[in-house]
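Have a look at this one before I ask anything.
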There are 4 protein chains.
Amino acid sequence: MLNIAVIGYGYWGPNMVRNFNEFGGTCVKYVCDQDEKQLARVKALYPAVALTSNLDEVLNDPDIDAISIATPVSTHFEIALKALEAGKHVLVEKPITDSSEKAEKLIETAIKYGKVLMVDHTFPYTGAVRKIKELIEKGDLGDIYYYDSIRVNLGLFQRDVDVIWDLAVHDLSIIDYILPHQPIAVSATGMSHVEGQPENIAYLTLFFSNNTIVHINVNWLAPVKVRLTLIGGTKKMIVYDDLEQSEKVKVYDKGIVIRSDDQDSLNRVRIEYRTGDMVAPRLESREPLEVEAEHILSCVRNRTRPRADGEAGYRVTRILEAAQRSIQRSGAPVCLEGD
Amino acid sequence: MLNIAVIGYGYWGPNMVRNFNEFGGTCVKYVCDQDEKQLARVKALYPAVALTSNLDEVLNDPDIDAISIATPVSTHFEIALKALEAGKHVLVEKPITDSSEKAEKLIETAIKYGKVLMVDHTFPYTGAVRKIKELIEKGDLGDIYYYDSIRVNLGLFQRDVDVIWDLAVHDLSIIDYILPHQPIAVSATGMSHVEGQPENIAYLTLFFSNNTIVHINVNWLAPVKVRLTLIGGTKKMIVYDDLEQSEKVKVYDKGIVIRSDDQDSLNRVRIEYRTGDMVAPRLESREPLEVEAEHILSCVRNRTRPRADGEAGYRVTRILEAAQRSIQRSGAPVCLEGD
Amino acid sequence: MLNIAVIGYGYWGPNMVRNFNEFGGTCVKYVCDQDEKQLARVKALYPAVALTSNLDEVLNDPDIDAISIATPVSTHFEIALKALEAGKHVLVEKPITDSSEKAEKLIETAIKYGKVLMVDHTFPYTGAVRKIKELIEKGDLGDIYYYDSIRVNLGLFQRDVDVIWDLAVHDLSIIDYILPHQPIAVSATGMSHVEGQPENIAYLTLFFSNNTIVHINVNWLAPVKVRLTLIGGTKKMIVYDDLEQSEKVKVYDKGIVIRSDDQDSLNRVRIEYRTGDMVAPRLESREPLEVEAEHILSCVRNRTRPRADGEAGYRVTRILEAAQRSIQRSGAPVCLEGD
Amino acid sequence: MLNIAVIGYGYWGPNMVRNFNEFGGTCVKYVCDQDEKQLARVKALYPAVALTSNLDEVLNDPDIDAISIATPVSTHFEIALKALEAGKHVLVEKPITDSSEKAEKLIETAIKYGKVLMVDHTFPYTGAVRKIKELIEKGDLGDIYYYDSIRVNLGLFQRDVDVIWDLAVHDLSIIDYILPHQPIAVSATGMSHVEGQPENIAYLTLFFSNNTIVHINVNWLAPVKVRLTLIGGTKKMIVYDDLEQSEKVKVYDKGIVIRSDDQDSLNRVRIEYRTGDMVAPRLESREPLEVEAEHILSCVRNRTRPRADGEAGYRVTRILEAAQRSIQRSGAPVCLEGD
């Protein structure tokens, strides 16, 4: 049994508490929040859970094995660092920190103290994304031509992050999980429509060393909610609509066949189209956070690396930082040096 | 009665012939094509129409008032130029030419010979786009935050143009028609997935002198066909789905209200959401080419400027050229000098 | 403050408990269920609520003002009767009882003891159905031609009721609420596909004294979930899709105009079509059970008649009984005598 | 080469002419219509086709092999009879005649003169319906539980037929083609909302000797167009949406598993649900009328029975007649005696 303290009971914290409670192998001992009102909500639902606004009280309790952080992004680093130094395993809500430098520091600290550092990249734990990864790894799609996502709605304007750090982080955590390579450069554009506020609309293009291209469209000011991702491969293509009730992932046996009419000229290729059946595979329907609870438990027990570890959190923040720099330069590409 | 010769009877030419024939005020006298097979198709359907593979024969016929060009883009300029110099009015399929320089030359020639030069930007003649322009001009949307379009399908790979010149040109002709301002810079990214071929996937961002932003997503390699445009304004927002049978344009009474909690700090604004009814206005259902036929006739008669004239064609080609340059620079912005 | 005991904590009971707890004016004092496991679930979530498997204990508690019944249909009558005789107000989940005769008995008893008898017809408390009733009452739709509903999915096969008593009851409660007249006859057909089990698929047609017609299609064995209702009127028509996220109700300004070409012959009428805008009005989004909680409170306080009272429950059960008889006669119409 | 005369150039005739012309093995020699305007339309499109308003002229021409009839239903019988007696093969638009008695007479006549009698039941020639038949015959669906179709729109009110004869005939021709058995009884309800006019809304239920049930919902007064058919089987289920662009047929690996908890009691069965992948098989996209043209040619050449022969036309009209009688009796079942 893994004893967990959940820090922050705002938007995401309640889901963490509910899931760690319902899942057999984990148990929520504390909920820590600065807001008395939030703690009262916990008391009504979970009378057995200890409540506090004092983080140190939690960290000093030897019964606590792990800390689950769902506070504002700007506070992730400080809390996670103290928790690791106090010898606790750490699960941090995405994004892991508000800078890649801080993410690196957390990774080092986790290694130094031999603790599990896991970032709560939710989508890699969904049935849909796991099925997509499975199809890519089996080679069903062939080589990946592109990943093209639109993630828009009339959204909660965030105070401390822009739309990239709020929404694009989801797609970045997905491609970090499903694609075999890392991007080498980013071009991003965006706009703020509220004076003095961060970007509420943005477009990212990621370049790779091969001819894969990734594009992400995020928008807090859309009249309708859209969660649509197209993935094109040399063999098959996927339409992933996260708003669909049951058929979230549709696999199309479609593509092009390139015939070179005469050998000595590439301009003379003939492109033919191929169309076969469409299949919407049955998806695992367990709640992602339950899968995560199970995963962190086994990582702690077996000292294994989490699916989404500190490194994954770091890679994502580096892309987010590069995208922000590119936006400031109206789309001029920014290299992800060191890749 | 306006006597017309249609040059090129491939993909679009047949629509031109059918519409100019059905419309009362115009009459197709000639169809000119290099391919005997195509001319045979015309003969079967329109026995009265003269057939030729010789452009000069058409241009030398004094009975011909106007030339309608539906040949490959690379040939638009030469044919249009000869036609204007022969004293014919000219309608050119989009894009007007394969370079803005040639477009300028056509504009000058049209002025010199006092002839109508009209580019076949189809969408501004559809009921949907005309309704959107009407709503914007009436101020129903308020100031425009963004125009965001996705125009993808498993498409005809073109030989002589890339996906931008083939698909993005539609959105560029739409914004040229509906938006009050011209873009000042372009950032574009894209990729070719067939060696030696032009880009088959591309993303354009257009910047304006105000905080309007335009984004266009075009793709020849998508498993499904999508024609979806979101338009956000300070007052209302539009979802324009061109694949919808009847409700192509949906107007959402949605938006944000910005309240500044205290005067001396903009960071302290509070953003509230507003949601009202959605209205799908009834749209005019006439075929665009019929509206165009009527339009060119009245332009010729009244010596008035076409809705989509040479200047519009020129502005669109300039943006296309800038987008291509930006793609070669991985998204680095390219200014549209002189705006 | 209205003190409530919820009887039955299976599928619907938990919603009742949650809503009566969250709503300010009501408070859940007891939950009564035969199943210890269910009571344990209550204990975990609501430690303050008293638990019992003994109905009399609840009915004998003078602090209890009202009983909310969410037990199997076959037990509704006995529990409701005892509760009314014990001087408690009663809310019964739909359908009110398993026979119209029992429903009549409950109505008499409620009158005799001067207590509120309310049936939990959920849909009349939804924003969608309330908006539809508002539009009909304002005369926006004109006279009602038809109400045509399809309510199918791969559903929970019920043991004690067939698909009509399980699903069609929703549509019957809706038309009882929104239509100005009562049906005079029913024709119904159906089939059981599991030997020895009640009908799992059924089709109802309701006739009225005017030319209104109501049709209901219910099915427990459908591969997809559909909740689609078409309502046609002389002036406007409605598409009500309960699975839509936001635009559940779409009002179409469509219809026919009947022109009689010459007076002396009705066969010679000319029918023309009319098409205008479509409007999806903004809907109230409060949870129905919260609205119901507020409603029963005001009914108790002001001794007013509930929107869905015992009479409504009785009218619905009479139609259900008639439909069952018609199904046994392969669709032969059954009169709703006394209407 | 089969020489064909098309009788009637109203709504459907032009499709017949176009298809018989484009298809290699058939040739349209005559178009016969009472309306000069219609004949003028033919002349413009097909100068080579002979035009006449005199049926006998056509029937007396020995070069004519077959007659294709697209006139109002009430005239089908007389024209088809004369054509068969004149030794011509006959293709009649659906429904074959306005009574089953006349259909029988045509069948006899066709046999007597040894000519092909084929009814233009379009849907059995579509890729979608042929795929559905293939899946049923292969046993993929198992035994058929139900066929449930909704076919509604704001439709052309017909003068000489009601909505059943206009729309339900499509579903009846489909089930006649795909289902292994014939219905034994019909219950139907409906309503006319225009005084003196036939029913514009109707609901049919067909009963079979096994527990298959068929339901058809047709409506000329719907605000939206719906063409949705659900087909449930013991093994798999189909959703057939004819308005879908590409995935018209979706096959769901869904169903129920019936477990009898104890042998001696059927009421004690436990029903479990099964959910697997969904597959939208690739469909043949050829135009139905082209397939029909090919089919009639091979039937004439090889003296084989058409897929939809006079017998099929007869079976459909018998059900239509029974449905009308049932509607007059408010849904009372009408037997299809002799089945």
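We name chains A, B, ... by the order of the sequence lines, and we start the count at 1 in each one.
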- Message: Before we go on, tell me: are the rings of D:His193 and C:Tyr145 under 6.0 Å apart, centre to centre?
- Response: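 Judged by ring-centre distance (under 6.0 Å), D:His193 and C:Tyr145 do meet the cut-off.
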- Message: For D:Gln245, I'd like to know if atom CD has over 12 heavy atoms of other residues, nucleotides or ligands within 6.0 Å.
- Response: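 For D:Gln245, atom CD is not crowded (no more than 12 foreign heavy atoms under 6.0 Å).
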- Task: Check whether C:Asn219 gets within reach of chain D through its side chain, its backbone, both or neither, counting any heavy atom under 4.5 Å.
- Result: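 Contact with chain D is through the side chain of C:Asn219 alone.
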- So which of D:Val224, D:Asp148, D:Thr275 has the largest heavy-atom pair count under 4.5 angstrom toward chain C?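 The answer is D:Asp148.
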- Are C:Leu336 and C:Ile184 side-chain neighbours, meaning at least one heavy-atom pair lies under 4.5 Å?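 Side-chain contact under 4.5 Å: no.
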- So which part of C:Phe207 gets closer than 4.5 Å to some heavy atom of chain D, the side chain, the backbone, both or neither?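 Contact with chain D: side chain only.
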- What part of D:Tyr273 is in contact with chain C, defined as an atom under 4.5 angstrom from a non-hydrogen atom: side chain, backbone, both or neither?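 Only the side chain of D:Tyr273 comes within 4.5 Å of chain C.
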- What option among D:Ser187, D:Ala188, D:Ser192, D:Ala185 has the most heavy-atom pairs under 4.5 Å with chain C?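 If we count pairs closer than 4.5 Å to chain C, D:Ser187 comes out on top.
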- Task: Determine whether D:Tyr203 and C:Ile213 make a side-chain contact, defined as any pair of heavy atoms from C-beta on separated by less than 4.5 Å.
- Result: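 When only atoms from C-beta onward are counted, C:Ile213 and D:Tyr203 do touch, with a gap below 4.5 Å.
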- Item | Partner chain C: residue of D:Leu221, D:Ile231, D:Asn217 with the largest heavy-atom pair count (under 4.5 Å) |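 Between D:Leu221, D:Ile231, D:Asn217, the count favours D:Leu221.
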- Message: With a 4.5 angstrom heavy-atom cut-off, is it the side chain or the backbone of C:Ile258 that approaches chain D, or both, or neither?
- Response: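 For C:Ile258, side-chain heavy atoms alone lie under 4.5 Å from chain D.
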- Message: How about CG on D:Asp143, more than 12 heavy atoms from neighbouring residues, nucleotides or ligands closer than 6.0 Å, or not?
- Response: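 Atom CG in D:Asp143 is not crowded, with 12 or fewer foreign heavy atoms closer than 6.0 Å.
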- Item | Audit row: D:Asp140, D:Lys235, salt bridge (Lys or Arg N to Asp or Glu O under 4.0 Å) steps and yes/no | CA-CA 7 Å; D:Asp140 286 14; D:Lys235 292 184 186 168; over 6 Å; no
- Message: For the interface with chain C, which of D:His215, D:Arg329, D:Met191, D:Lys250 has the highest count of heavy-atom pairs at distances below 4.5 Å?
- Response: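 Heavy-atom pair counts peak at D:His215.
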- If you count heavy-atom pairs under 4.5 Å with chain D, which of C:Asp253, C:Asn200, C:Thr205, C:Thr234 comes out on top?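 Heavy-atom pair counts peak at C:Thr205.
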- Message: So which residue, D:Leu228, D:Val194, D:Thr212, ends up with the most heavy-atom pairs under 4.5 Å with chain C?
- Response: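 It is D:Val194.
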- Message: What verdict does the salt bridge (Lys or Arg N to Asp or Glu O under 4.0 Å) test give for C:Arg318 and C:Glu321, after you've listed the backbone C-alpha separation in whole Å, the side-chain angles of each residue and the deciding distance to 0.1 Å?
- Response: CA-CA 5 Å; C:Arg318 281 186 63 251; C:Glu321 288 170 333; over 6 Å; no
